[in-house]
Amino acid sequence: MTLSAIPRHLVRRCKGIWALHLALAVLAAAWFLLPAAAQTAPPTPIANFVDIAEKAGLTAENVFGGLDTKKYIIETTGTGVAIFDYDNDGWPDILLVNGTTLEANKSGAPKDAAPTNHLYHNNHDGTFTDVTVQAGLTGGGWGQGVCAGDYDNDGWEDVYVTYYGKNRLYHNDHGVFSEVAEKSGVAGTGKAWGTGCAFVDYDRDGHLDLVVANYVDFDLATAPAPGERANCVWKGIPVMCGPRGLAGSKNILYHNRSDGTFEDVTTKARIDRTDGHYAFSVSTLDYDDDGWPDIYIACDSTPSILYHNNHDGTFTDVAVTSGAAFNEDGRAQAGMGSTVADYDGDGKLDIFKTNFSDDTSTLYHNNGDGTFTDVTFTAGLGLYTKYLGWGTMFFDFDNDGWPDLLIVNGHVYPEVDKHNLGSNYQEPRELYHNNGNGTFADLSSTSGLGISTPASARGLAVGDLWNDGRMSAVVSNMSARPSLLANQIRSTNHWIAFKTVGTKSNRDGIGARLTLKVGKRILVDEVRSGSSYDSNSDMRVHFGLGTATKIDSLTVRWPSGLTEHWDGLAADSIQEVKEGSGAAVTGTASTRK
């Protein structure tokens, strides 16, 4: 009820303060007479994320280019994060990729002072220990992205790290890594700028292949200085040059020969037919549900790429025809990170992508007919245009059964702070709660200092670091320590997670589609490597269950084509699901080769 609802003849009879008293009395009476259901108290908070990185022992500082200015584009992209169990103790560990500086790369610089990557072992008590040296992961250079996968099916997770320069493949031998990229054929020429990556069994032969995104053709020796060219100016201020004006680069696909080596099949698989793009993150998904993994790549300042798997070892880029290349205005955006989930519960996997400032991120709804629709604004995700988004992940932080969304931000130009250009170099994160009806609620300003505190963030990975159903996030911050965002509000909702173990399929079960039936709900997700911004999240598939304590069934469609069914799995637990141990489901389309 409003003041306008008070009868006018009563207002006319009262003067000054008496009118106000009368109005307040009427409003109070109206409130008292409302049904109890309408007198609802403010909703109980569901998120209070706190950065506990220092307390947990994640103290290594990220080093990446200059602090107050970025002379070249190589200083701006930052690094990824991986959450994976490197020592098979059942607890997820953390790998932080590191960068370097222009000065550190000059001849004569002391190598022992150069920044390195950092591997942190999970101590099972909320803390981590730096085991980089013992594990053999002390590589340095212009590190970029990271992805995990057991490429030789020996039961130990291996790691691939991309660089500006030669990439590195670290083979895991019972918790100790050896660098084998050259020997395995995946180091590259040393002239490319690798960014995102993902292990994926694209031909379903039981051995993990590797897709690598490349950014720009860049040479420090010939790179133009800030302001030297027309495309080296942003809002009238001289800034580093690129990516526009620089030559694009081709992505790479490596086929696993199953003997520890890989073959470059980029041309054979027709990956090279998409050219002239500035590629960043890689997310794999079977978007058309035909049983074959497809590949989505977010690209900076150029259309996105969606490689459709043709089932014969080749791919076709269908991003334009499917509606996943541009936004709803038909405009190419500056894509950075990407993530995949069935956000609206219709059984189809959707795509979300972060973009540059003065733009919004983009949510592509999967229409189920091979096409996507940009639903960013109708879903409530078009609120912020001044932020520059990087890492992003769908994750159900309150376990209500609906994937929520986290975005980490940070500008590329330190100059924005001193020139008041409408943005800040350090920016807060964004947290959206899934309303369960195709829309999201923005909780960014009310979800704790872990979300609202500004940083210049890049990589993001999520996972159940505590093995108790609470999903947390690890963030790589430029020229700063990492963040470990943990929700201090414990939900009473239930959950379940699955670790897939392939036998005929690749050991990790990467590419397996999991379908969970819980009451009237059908929950769908896939096992994937890579995603976010050049990062790798916990590959155990996590589902929030809401108030449900009973799981009706789990169906897994393995990359081999086998589809299996399980009943009676306990909630609030991490289940290991092994290929061949369930009840076979016959007559499914996925069994066709």
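What's counted below: heavy atoms across the whole structure, side chains too, no hydrogens, waters or symmetry copies. Position 1 is the first residue of the sequence, and the numbers go up from there. Worth saying up front: this structure is predicted, and the values here are computed from it rather than measured.
Side-chain contact annotation: H308 with D288, donor-acceptor N/O pair under 3.5 Å present. Inspection of the N367 and H365 side chains reveals an N or O donor paired with an N or O acceptor under 3.5 Å. Judged purely by distance below 3.5 Å, without hydrogens or angles, the side chains of H277 and N251 never pair a donor atom with an acceptor atom. Inspection of the S281 and S338 side chains reveals an N or O donor paired with an N or O acceptor under 3.5 Å. A donor atom on one side chain and an acceptor atom on the other are not found under 3.5 Å apart for Y278 and N214. Donor-acceptor pairing under 3.5 Å is lacking for the side chains of R168 and Y160. Side-chain contact, H411 with S357: a donor N or O sits under 3.5 Å from an acceptor N or O.
No donor-acceptor pair closer than 3.5 Å links the side chain of N98 to the backbone N or O of P115. A donor-acceptor pair is defined here as one N or O able to donate and one able to accept, closer than 3.5 Å; such a pair exists between the side chain of S532 and the backbone of T392. In this structure a side-chain-to-backbone donor-acceptor pair under 3.5 Å is missing from S537 to A461. Although no hydrogens or angles enter the test, the distance criterion places a donor-acceptor pair under 3.5 Å between the side chain of Q488 and the main chain of A486. The closest donor-acceptor contact from the side chain of D217 to the backbone of S249 lies at 3.5 Å or more, if one exists at all. Judged by distance alone, with hydrogens and angles left aside, the side-chain atoms of T132 form a donor-acceptor pair with the main-chain N or O of L119 at under 3.5 Å. For Y307 (side chain) and I271 (main-chain N/O), a donor-acceptor pair under 3.5 Å exists by modelled atom type. In this structure a side-chain-to-backbone donor-acceptor pair under 3.5 Å is missing from D508 to G149.
Separation of atoms CG (D396) and CG (D400) is listed at 5.0 Å; rounding is to 0.5 Å. Rounded to the nearest 0.5 angstrom, D525 CG and T515 OG1 are separated by 9.5 Å. T362 contributes atom OG1, which lies 9.0 Å from atom CD of E328 (distance to the nearest 0.5 angstrom). Taking CD1 of I94 as the start and OH of Y120 as the end, the distance is 9.0 Å to the nearest 0.5 Å. Going from atom CG of L460 over to atom CE of M393 covers 7.0 Å, rounded to the nearest 0.5 Å. A distance of 11.0 Å separates CD1 in I295 from OG in S283, rounded to the nearest 0.5 Å.
Checked against the 6.0 Å centroid criterion, the rings of Y202 and F315 qualify as a close aromatic pair. Checked against the 6.0 Å centroid threshold, F280 and Y215 count as a close aromatic pair.
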**OP:** Go through the steps for D359 and T385 under the test side chain to side chain contact (heavy atoms under 4.5 Å, CB included), then give the verdict.
**Re:** CA-CA 5 Å; D359 198 355; T385 59; over 6 Å; no
Original post:
After noting the C-alpha distance and the side-chain angles of Y387 and E430, does the key distance pass the side chain to side chain contact (heavy atoms under 4.5 Å, CB included) rule?
Top reply: CA-CA 9 Å; Y387 298 152; E430 298 168 61; 3.4 Å; yes
Original post:
Going through the distances and angles, do R490 and D398 end up as a salt bridge (Lys or Arg N to Asp or Glu O under 4.0 Å)?
Top reply: CA-CA 8 Å; R490 286 179 176 265; D398 62 341; over 6 Å; no
**OP:** Show your reasoning for whether side chain to side chain contact (heavy atoms under 4.5 Å, CB included) applies to T439 and T378.
**Re:** CA-CA 7 Å; T439 68; T378 56; over 6 Å; no
Subject >> Stepwise ring-ring contact (aromatic ring centres under 6.0 Å, His included) check, F64 with W142 >> reply: CA-CA 8 Å; F64 214 89; W142 289 108; 5.3 Å; yes
Subject >> side chain to side chain contact (heavy atoms under 4.5 Å, CB included) assessment of D85 paired with D93 >> reply: CA-CA 5 Å; D85 183 6; D93 309 296; 3.5 Å; yes
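Relative orientation of the F397 and F49 rings is perpendicular, given thresholds of 30° and 60° on the angle between their planes. Ring pair W234/Y413 is tilted by interplanar angle, where 30° to 60° counts as tilted.
For the pair S535 and G80, the tightest heavy-atom approach, listed with the atom from each and the gap, is OG-CA, 3.4 Å. Nearest heavy atoms, G143 versus T79: O-CG2, 3.2 Å. Taking each heavy atom of I46 and H433 in turn, the nearest pair found is CD1-CD2, 3.4 Å. The two residues T376 and S361 come nearest to each other via the heavy atoms CG2-O, 3.1 Å. Taking all atoms of both residues into account, the shortest heavy-atom contact from G276 to T302 is O-CG2, 3.8 Å.
Contacts classified as side-chain hydrogen bond (donor to acceptor under 3.5 Å, both in side chains) and involving residues 46-58 (residues at least two apart or in different chains) are given here: D51-S483. For residues 443-492, no pair satisfies ring pair (Phe, Tyr, Trp, His ring centres under 6.0 Å), with sequence neighbours left out. Sorted by first then second residue, the salt bridge (charged side-chain N to carboxylate O under 4.0 Å, His left out) pairs that include residues 334-349, not counting sequence neighbours, number zero. Within the structure, side-chain hydrogen bond (donor to acceptor under 3.5 Å, both in side chains) pairs that include any residue of residues 67-76 comprise T69-E415 (at least two apart or interchain). Within the structure, salt bridge (charged side-chain N to carboxylate O under 4.0 Å, His left out) contacts touching residues 361-384 (residues at least two apart or in different chains) do not occur.
Between Y296 and K353 the shortest side-chain heavy-atom distance falls below 4.5 Å. The shortest distance between side-chain heavy atoms of S444 and R429 does not fall below 4.5 Å. Taking the side chain as every heavy atom from C-beta outward, T162 and V97 never approach each other to under 4.5 Å. The side-chain heavy atoms of M240 and V412, taken from C-beta on, include a pair separated by under 4.5 Å. Residues L96 and V474 are in side-chain contact: their nearest non-hydrogen atoms beyond the backbone lie under 4.5 Å apart. Counting heavy atoms from C-beta outward, N62 and R481 have side chains that stay 4.5 Å or more apart. Using a 4.5 Å heavy-atom threshold, the side chains of V239 and P226 count as separate. In this structure, C197 and V282 have side chains that are not in contact, with every pair of non-hydrogen atoms separated by 4.5 Å or more.
Test L306, N309, I351 against Y287 for side chain to side chain contact (heavy atoms under 4.5 Å, CB included) and you get one pass: L306.
Using a cut-off of 4.0 Å between Lys/Arg side-chain N and Asp/Glu carboxylate O, R513 and E526 are scored as salt-bridged. Under 4.0 Å is where a charged nitrogen must lie from a carboxylate oxygen, and between R458 and D534 no such pair does.
For L449, the CG atom sits in a loose shell: 12 or fewer heavy atoms of surrounding residues, nucleotides or ligands are nearer than 6.0 Å.
Under the side chain to side chain contact (heavy atoms under 4.5 Å, CB included) criterion, R540 pairs with P92, D464, N467, K499, D538, I574, sequence neighbours left out.
Cation-pi geometry between R470 and W495 is not met at under 6.0 angstrom from the ring centre and within 45 degrees of the axis.
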